[in-house]
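I have placed the structure first, in the form of structure tokens, so that the comments after it can refer back to it.
Given the structure is predicted, the values throughout are model-derived calculations rather than measurements. For the numbers below, each heavy atom of this structure counts, side chains included, while hydrogens, waters and symmetry mates do not. When a residue number appears, it is its place in the shown sequence, counting from 1.
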Amino acid sequence: MAPRFPTQFADLLTPKGRRILEGRDSETCGALLDPTRPFIALQGVIDVKKATQVRDMLDGAMRDTLVTMEDPIPEDSISGMVENYTEALPKTVRVRTALLESRRSRSWRAAEALGLVALLRSDTFAGFAAAVSGRALKRGWGIQTLCYSPGDYTGPHTDHHPEEDDARHGYVDMHVSLTLPAVDHQYLVYAKDGHFSELTKVSTVGGVTVYRLPFWHYTTPLVAKKAREEAARRWVLLGTFLDAGPKTRASSTILPSGARLPVQGTTVGRGMEAGRR
């Protein structure tokens with residue numbers, strides 16, 4: 001039989017990752033309840049050997065099913081200006097993506113056969129996001145897979161959705177990064193004190209990044225090692241989670257480990273569309 005992903009995210013975790021999932025890491029659990037902390041980048045929570053195996057299976061089975069997601073700078077962004085210093089740049093992006101929300105897509109069929117859909121839908125995948133965010137999260141979260149190649153990027157944006165009732169006050173994204181050896185680097189740049197002054201490396205093998213959106217950020221173009229452009233790719237496994245409000249049924253809620261309903265507001269602990277990076 002062809003190799004498959006584990007059915008539970010927990011099966012990829014190191015002892016450190018398990019402690020977080022089980023609510024036994026006081027430094028990490030509930031970290032995103034701090035309103036000044038928009039995300040946390042974690043290393044050593046997924047076993048590197050297992051992450052490498054998952055990456056290679058993903059690259060072999062899914063690469064030919066991807067579609068390009070591309071929104072370039074508008075052609076009239078300069079010529080259309082009529083007043084000095086009034087530049088306005090919408091979100092720009094170039095990346096390939098797997099369409100995991102449609103069962104009719106080639107991507108979904110390949111992901112289902114590989115076990116990727118089951119992994120991203122597992123309770124422990126959502127449970128890890130709940131543990132780090134410190135929030136009760138709704139079931140039915142969005143899932144997506146992205147693949148960055150040389151030059152692929154996502155431009156400055158906020159991921160704010162003020163027209164959507166369930167997301168306008170914030171929501172949680174979790175990314176698992178699976179980078180091939182031919183990649184030299186890729187970074188997440190984010191705003192602090194009103195300036196794009198901070199960055200963190202995201203071209204890792206098994207790194208997990210959990211976000212409390214919205215906030216200003218962008219992903220730099222992926223850079224390959226010299227003469228290795230054809231083999232340079234970074235895969236991202238992604239989940240998007242809405243907060244579970246006070247009226248959300250217990251059966252429709254993912255709680256941080258050890259938490260009990262009812263929750264205070266939409267958070268526990270100290271204190272849509274998927275895929276935008």
Exercise: identify the closest heavy-atom pair between [X] and [Y]:
{"X": "L242", "Y": "A167", "result": "CD2-CB, 4.0 Å"}
{"X": "A31", "Y": "E27", "result": "CB-O, 4.2 Å"}
{"X": "A232", "Y": "A224", "result": "CB-CB, 3.5 Å"}
{"X": "V205", "Y": "A51", "result": "CG1-CB, 3.9 Å"}
{"X": "A110", "Y": "M62", "result": "CB-SD, 3.6 Å"}
{"X": "L12", "Y": "P6", "result": "CD2-CG, 3.6 Å"}

With a 4.5 Å heavy-atom cut-off, do [X] and [Y] have their side chains touching?
{"X": "K201", "Y": "S177", "value": "no"}
{"X": "I46", "Y": "L13", "value": "yes"}
{"X": "L114", "Y": "L119", "value": "no"}
{"X": "F5", "Y": "L58", "value": "yes"}
{"X": "T28", "Y": "V132", "value": "yes"}
{"X": "Q144", "Y": "T97", "value": "yes"}
{"X": "R212", "Y": "R37", "value": "no"}
{"X": "H160", "Y": "L213", "value": "no"}

Self-check item: Option passing side chain to side chain contact (heavy atoms under 4.5 Å, CB included) with R234 (candidates L178, L180, V202, V95)
Solution: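 Single side chain to side chain contact (heavy atoms under 4.5 Å, CB included) partner of R234 among L178, L180, V202, V95: V202.
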Donor-acceptor contact below 3.5 Å, side chain [X] vs main chain [Y]:
{"X": "E87", "Y": "I78", "result": "no"}
{"X": "D34", "Y": "T36", "result": "yes"}
{"X": "K50", "Y": "D11", "result": "yes"}
{"X": "S102", "Y": "L99", "result": "no"}
{"X": "R55", "Y": "T179", "result": "yes"}
{"X": "W141", "Y": "L120", "result": "yes"}
{"X": "R24", "Y": "E22", "result": "no"}

Quiz item: Would you say the side-chain atoms of T240 and D173 include a donor-acceptor pair closer than 3.5 Å?
Solution: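 Per modelled atom types, T240 and D173 side chains form a pair under 3.5 Å.
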Quiz item: So, T65 versus S107: side-chain donor-acceptor pair below 3.5 Å or not?
Solution: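 A pair is found: one side chain offers a donor N or O, the other an acceptor, under 3.5 Å apart.
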Practice problem: Answer yes when R233 and D152 have at least one side-chain N-carboxylate O distance shorter than 4.0 Å, and no when they do not. | Solution: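 D152 and R233: not salt-bridged.
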Self-check item: Pair D184 + K225: basic N to acidic O under 4.0 Å
Solution: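 Salt bridge: no.
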Quiz prompt | Evaluation steps, side-chain contact (heavy atoms from CB on, under 4.5 Å), between S149 and R96 | solution = CA-CA 8 Å; S149 294; R96 288 180 295 165; 3.1 Å; yes
Measure up the [X] and [Y] rings against each other and bin them: parallel (under 30°), tilted (30 to 60°), perpendicular (over 60°).
{"X": "F125", "Y": "F9", "result": "perpendicular"}
{"X": "Y218", "Y": "F196", "result": "perpendicular"}
{"X": "Y211", "Y": "F215", "result": "parallel"}

How many angstroms lie between [atom1] in [X] and [atom2] in [Y], if you round to the nearest 0.5 Å?
{"X": "Q8", "Y": "T124", "atom1": "CD", "atom2": "OG1", "value": "3.5 Å"}
{"X": "H217", "Y": "H157", "atom1": "NE2", "atom2": "NE2", "value": "3.0 Å"}
{"X": "Q186", "Y": "T220", "atom1": "CD", "atom2": "OG1", "value": "5.0 Å"}
{"X": "F39", "Y": "S133", "atom1": "CZ", "atom2": "OG", "value": "15.5 Å"}
{"X": "K16", "Y": "D25", "atom1": "NZ", "atom2": "CG", "value": "7.0 Å"}
{"X": "T219", "Y": "Y187", "atom1": "OG1", "atom2": "OH", "value": "13.0 Å"}

Exercise. Using the rule that two of Ile, Leu, Val, Met, Phe, Trp, Tyr join whenever any of their side-chain heavy atoms come within less than 4.5 Å, decide whether L199 and W216 are in one cluster.
Key: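 Yes: a chain of side-chain contacts under 4.5 Å links L199 to W216.
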Quiz item: For E230, does the CD atom have more than 12 heavy-atom neighbours from other residues, nucleotides or ligands under 6.0 Å away?
Solution: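 It does not: E230 CD has 12 such atoms or fewer within range.
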Exercise. Step by step, work out the side-chain contact (heavy atoms from CB on, under 4.5 Å) result for E101 and W108.
Key: CA-CA 7 Å; E101 298 296 338; W108 189 91; over 6 Å; no
Practice problem: Step by step, work out the side-chain contact (heavy atoms from CB on, under 4.5 Å) result for Y153 and T92. | Solution: CA-CA 8 Å; Y153 75 103; T92 61; 3.2 Å; yes
Quiz prompt | Test applied, side-chain hydrogen bond (donor to acceptor under 3.5 Å, both in side chains); reference residue, R139; option that passes from T253, D123, T248 | solution =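 Among T253, D123, T248, the one meeting side-chain hydrogen bond (donor to acceptor under 3.5 Å, both in side chains) with R139 is D123.
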Quiz item: After noting the C-alpha distance and the side-chain angles of L116 and M57, does the key distance pass the side-chain contact (heavy atoms from CB on, under 4.5 Å) rule?
Solution: CA-CA 10 Å; L116 174 60; M57 285 191 286; over 6 Å; no
